[in-house]
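This report refers to the structure that appears directly beneath it.
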Amino acid sequence: MADFRLQRLPSATPAAALGARILAIALALIIAGVILAFVGKNPLALGLQVVTSSLGSSFGLEDLGLLVIPLILTGLSVTVAQQIGAWNIGAEGQFYAGAFAASAVGLFAPLSGGWSLVGMGVAGAFGGLVWILIPALARAYANVNELITTLLLNFVAILLVYYVSTDAWRERGGVANSATPRIKAEIPEFWGLVHWGLPIAVLLALAMAGLLAFTRWGYEVRLIGSNPAAGKYLGIAARRHLITVMLLSGAIAGLAGMLEIAGSVHRLQGGISNNYGYLGIMVAVLARGSSIGVIFAAALMAFILNSGIILQTQGLTTSTVLAITGLILFLTAIGDELSHYRVVRDKS
Amino acid sequence: MTEPSPRYVVPTGAAPLVQLKGIAKYFPGVIANQDVDLEVMPGEIHALLGENGAGKSTLMNILTGIYQPDAGEIIIDGYACQFASPVQAIAAGIGMVHQHFKLVNAFTVAENIHLGWSETPRRASAPVLEERTAALAQKFNLQVKPSARITELSTGEQQRVEILRVLARKARVLILDEPTAVLTPAEARELFKALRNFVSTGNAVIFISHKLDEVLEISDRVTILRGGRKAGTEFAADCTPAKLARLMVGRDIVLADMRARPPGAAAVSSSPVLRLRDVSVLNDNGHTALHGISLDVRAGEILGIAGVAGNGQRELSQVLTGTRQAATGVIEIDGHAIAHANAADFVRRGIGHIPEDRLQSGLAPGLSITANAVMREYGKPPVTVGGLFRPGAAKTLARSIASAAEVVIPDFAMPIRNLSGGNQQRLVARREMRIASKILVAAYPSRGLDVGAINIMLRYIVDLRNAGAGIVLISEELEELLNLSDRIAVLYEGRIMGVLDNDRVDIDEIGLMMGGRLRGEKGAAHG
């Protein structure tokens with residue numbers, strides 16, 4: 001007589017982890033399909049529509065390419081902070097701060113062409129960095145939980161941008177009165193609508209991966225992230241590393257805001273982030289701490305968002321789309337946990 | 001120390017309160033218990049003695065309904081019982097206080113006492129609960145403050161709450177798992193008094209421990225487990241520590257003298273390599289943990305630090321390795337005073353450190369075995385060249401550390417928490433030995449290891465001493481200290497009670513010093 005029981009493994013095998021993810025996404029789509037069928041839509045037709053419009057045309061692919069740029073960077077921002085054991089929930093705010101600072105340079109600095117872009121890039125990264133500075137110092141010196149501080153600063157940044165784009169920097173005589181004038185410096189496009197921000201984002205993710213895996217600094221960061229007490233045991237300046245990494249995380253999110261301004265939107269306006277900062281948390285969770293994984297997770301997230309846009313044109317509401325996104329994340333988390341288990345047979 | 005209890009006599013005619021017959025429990029590949037008998041009479045304090053992994057915890061988990069036995073009987077008051085859960089065991093009057101308390105920290109004492117208890121009044125305000133708790137405390141003569149939150153209590157007070165919680169549920173058999181491990185000597189005396197009081201009314205205590213002296217002091221009878229089987233039950237009054245130790249490890253404790261140097265071993269240096277001069281150290285709470293201590297460590301010698309854990313050992317090992325700053329005093333390495341140095345500087349000067357809590361501070365559990373193995377040498381060639389970390393070179397180094405530690409590693413990319421505690425400890429020891437060219441500070445290196453692994457660990461230490469390093473060996477095991485150390489310093493409440501040469505050591509004297517007596521006039525000069 002043989003009994004079956006579950007055994008928990010301390011770490012999942014890569015095959016099991018991948019299998020669990022594919023299963024989770026498939027399951028989420030099936031559940032979504034069933035719900036769509038209930039509200040009278042044809043899920044198969046909708047699915048086909050989504051796939052053909054986003055992957056089957058160059059317009060669709062270009063949209064994906066545009067969406068993936070900020071997602072890579074905000075996902076990378078959250079992932080980098082995770083390496084040292086910090087949760088940057090404020091990529092959203094740092095994105096806005098970066099967009100704000102970059103716009104200030106783009107609108108008011110007496111720079112021309114390429115130099116203006118460089119100035120905007122530096123300002124964007126710096127804006128994100130400043131936005132995470134207080135949470136980073138508070139965590140490092142007073143052990144204040146960064147979850148709260150980074151999150152709350154999001155609202156400050158969002159409202160700041162609303163204020164300047166509807167009042168101080170508003171385009172006078174413009175149509176909508178809710179955006180700045182167009183910023184002249186633009187990142188050139190290299191493929192349809194897709195600008196050079198994409199290769200920059202991908203390279204940055206690769207560079208982060210290399211920095212963490214192939215430098216002494218990266219080793220120390222991973223070590224402290226895994227066990228802060230080990231930093232003291234080894235005499236590593238854990239506090240300095242924590243601050244550096246958090247500032248870097250903020251700067252990356254700030255750069256995402258700059259690329260969005262200079263690459264796609266060209267004006268500062270309210271709601272410019274499209275929730276990219278929060279979606280970056282999802283990207284980071286899907287990437288499971290891997291900077292290279294961020295690229296793929298961002299691509300998946302872009303596809304989901306793009307599908308959402310297409311579904312909206314088919315008469316579905318945004319909340320339906322958000323629900324599907326949430327479902328995928330939820331099931332992926334369950335799948336990640338379940339991939340630690342295997343069924344063993346007791347012989348008796 | 002309390003007066004030795006009068007010789008215990010098994011009451012005639014009374015049924016045993018607890019009787020276990022032929023208990024067996026198997027886990028995959030392990031026999032945790034086999035043929036274990038245990039008899040506990042009313043009014044008895046019965047000690048359960050055994051090494052790590054001897055099956056004490058499994059047996060008690062069976063008695064308290066956490067595990068079900070694969071064979072054997074549980075007989076309470078003469079009736080056979082089966083406990084499907086701890087709830088049934090406590091209903092039968094059997095309660096356990098675990099080594100790691102199971103209290104809700106944010107709750108008050110009264111709330112913890114009444115949590116999950118069928119007799120808790122349905123409508124209970126804080127004053128009602130506190131009043132009931134005060135009544136219980138009075139009844140069982142255990143002083144607790146009902147309105148205090150658990151976080152405000154000392155470990156000894158928390159333990160009293162745990163005991164009260166069990167007694168309130170009308171336990172007649174109280175099982176205590178290494179209760180004194182977390183207590184100061186004064187608190188332990190209080191506990192012993194409370195236990196005597198408890199059994200005087202016909203109740204019983206099962207006392208799990210591996211401290212021989214304590215077992216002899218408190219218990220009436222002792223059951224010794226070895227390798228999952230019962231090695232014997234003895235009257236405490238008929239036992240000596242040596243006899244118990246023999247039953248526990250299944251061999252006479254040979255004071256295997258590991259102090260002899262093989263030919264070619266480094267001699268003890270005349271001048272110290274590491275000196276502490278009037279060093280005082282604060283603990284995490286800002287209290288003085290070490291009071292102006294002075295110690296010398298010479299090359300090629302083993303300096304043992306004896307004492308009950310919690311008397312400043314942690315802070316001593318930290319100040320010796322640069323992981324904690326001295327508040328006052330001077331630390332000298334090779335005659336040079338070190339000011340404001342951190343652990344990395346100490347490592348650079350050839351000082352290795354096997355920390356007492358290796359998983360908490362000596363390892364990064366979630367990182368790979370490779371990343372953990374290179375923790376001390378990652379910053380220099382061959383692992384890092386020109387700021388670049390070379391994973392290939394790191395793996396080569398990890399491989400050589402693992403092979404020196406004789407640990408078989410299937411996959412170096414696997415997180416180190418997947419390894420057993422013994423293998424982790426061996427890797428840490430080898431990693432530290434590689435850098436400990438001058439001094440190795442080993443805090444409880446054999447803690448949590450089985451006998452075989454302990455021997456390997458001690459052999460490592462002797463090898464390193466023979467190679468010319470000075471060793472500071474902090475241990476609770478006197479036997480281990482006597483076998484290895486050239487000199488033994490006794491630490492008590494943050495002070496050095498004296499330093500003894502091993503040749504002229506008197507175990508009774510060490511015992512007295514561990515209990516806080518200063519070194520007597522007889523004996524050699526300070527080391």
Side-chain angles (χ1 to χ4, degrees), chain A residues 2-17 82-85 143 207-241 244 288-290 336 339-340 342-348, chain B residues 26 28 70 317-318 321-325 341-348 351 353-355 357-368 370-372 374-381 383-394 411 413-420 428 431-432 435:
Chain A
D3 272 335
F4 292 96
R5 64 187 177 82
L6 285 175
Q7 188 183 41
R8 192 179 200 285
L9 303 171
S11 50
T13 60
Q82 269 180 342
Q83 300 292 322
I84 201 142
N143 207 19
M208 265 332 294
L211 211 55
L212 287 164
F214 298 108
T215 65
R216 179 187 159 148
W217 175 84
Y219 173 81
E220 290 180 350
V221 166
R222 284 185 289 135
L223 199 73
I224 298 167
S226 169
N227 181 4
K232 198 170 178 196
Y233 172 68
L234 294 176
I236 296 173
R239 183 178 281 165
R240 202 180 65 206
H241 282 341
T244 314
R288 307 182 84 181
S290 156
D336 280 356
S339 64
H340 284 77
R342 70 172 177 197
V343 180
V344 289
R345 216 172 133 167
D346 281 344
K347 277 157 264 162
S348 55
Chain B
Y26 311 107
D70 291 330
S317 71
Q318 289 175 336
T321 52
T323 45
R324 187 180 288 271
Q325 297 289 334
N342 68 14
D345 295 319
F346 276 62
V347 167
R348 232 168 279 132
I351 295 180
H353 181 197
I354 301 178
D357 50 351
R358 41 205 178 264
L359 255 188
Q360 282 83 52
S361 64
L363 291 172
L367 294 190
S368 67
T370 301
N372 277 281
V374 304
M375 254 162 89
R376 288 300 197 186
E377 294 173 76
Y378 70 90
K380 60 185 187 191
V383 180
T384 295
V385 179
L388 284 189
F389 182 84
R390 301 162 67 214
D411 175 10
M414 179 172 86
I416 198 158
R417 62 164 171 256
N418 294 7
L419 291 182
S420 73
V428 169
R431 181 186 78 197
E432 297 307 310
I435 56 148

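Given the structure is predicted, the values throughout are model-derived calculations rather than measurements. Below, each value reflects all heavy atoms present in this structure, side chains not excepted, and no hydrogens, waters or symmetry copies. Naming convention: chains lettered A, B, ... in sequence-line order (proteins, then strands); numbering from 1 in each chain.
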Next on the checklist: Would you compute the distance between atom CG of N372(B) and atom OG of S226(A) and round it to the nearest 0.5 angstrom?
Outcome noted: 7.0 Å
Item to check | Segment of S361(B) engaging chain A (4.5 angstrom heavy-atom cut-off) | outcome: both
Checklist entry - Taking the six-membered ring where the residue is Trp, are the ring centres of Y378(B) and Y219(A) under 6.0 Å apart? => result yes
Item to check | Closest non-hydrogen atom pair between F389(B) and R216(A), with its separation | outcome: CB-N, 3.8 Å
Next on the checklist: Please report the interatomic distance CD1(I236(A)) to CG(N342(B)), rounded to the nearest 0.5 Å.
Outcome noted: 9.5 Å
Checklist entry - With chain A, which of G386(B), G387(B), G366(B), A394(B) has the greatest number of heavy-atom pairs at distances under 4.5 Å? => result G387(B)
Checklist outcome for this item: Hits for side chain to side chain contact (heavy atoms under 4.5 Å, CB included) against R324(B), two or more places apart or cross-chain, chain-then-number order -> V281(B), D284(B), E315(B), Q318(B)
Checklist outcome for this item: Sorted by chain and residue number, the side chain to side chain contact (heavy atoms under 4.5 Å, CB included) partners of N227(A) (sequence neighbours excluded) come out as A229(A), A230(A), A364(B), P365(B)
Checklist entry - Under a 4.5 Å heavy-atom cut-off, does chain B meet the side chain of I224(A), its backbone, both or neither? => result neither
Item to check | A213(A) versus chain B, the contacting section by heavy-atom distance below 4.5 Å | outcome: backbone
Checklist entry - Which bit of V383(B) comes within less than 4.5 Å of chain A, counting heavy atoms only: side chain, backbone, both or neither? => result neither
Item to check | Nearest-0.5 Å distance, CG of residue L363(B) to OH of residue Y233(A) | outcome: 8.0 Å
Next on the checklist: Measuring from atom CZ of R376(B) to atom CG of L234(A), what distance do you get when rounded to the nearest 0.5 angstrom?
Outcome noted: 5.5 Å
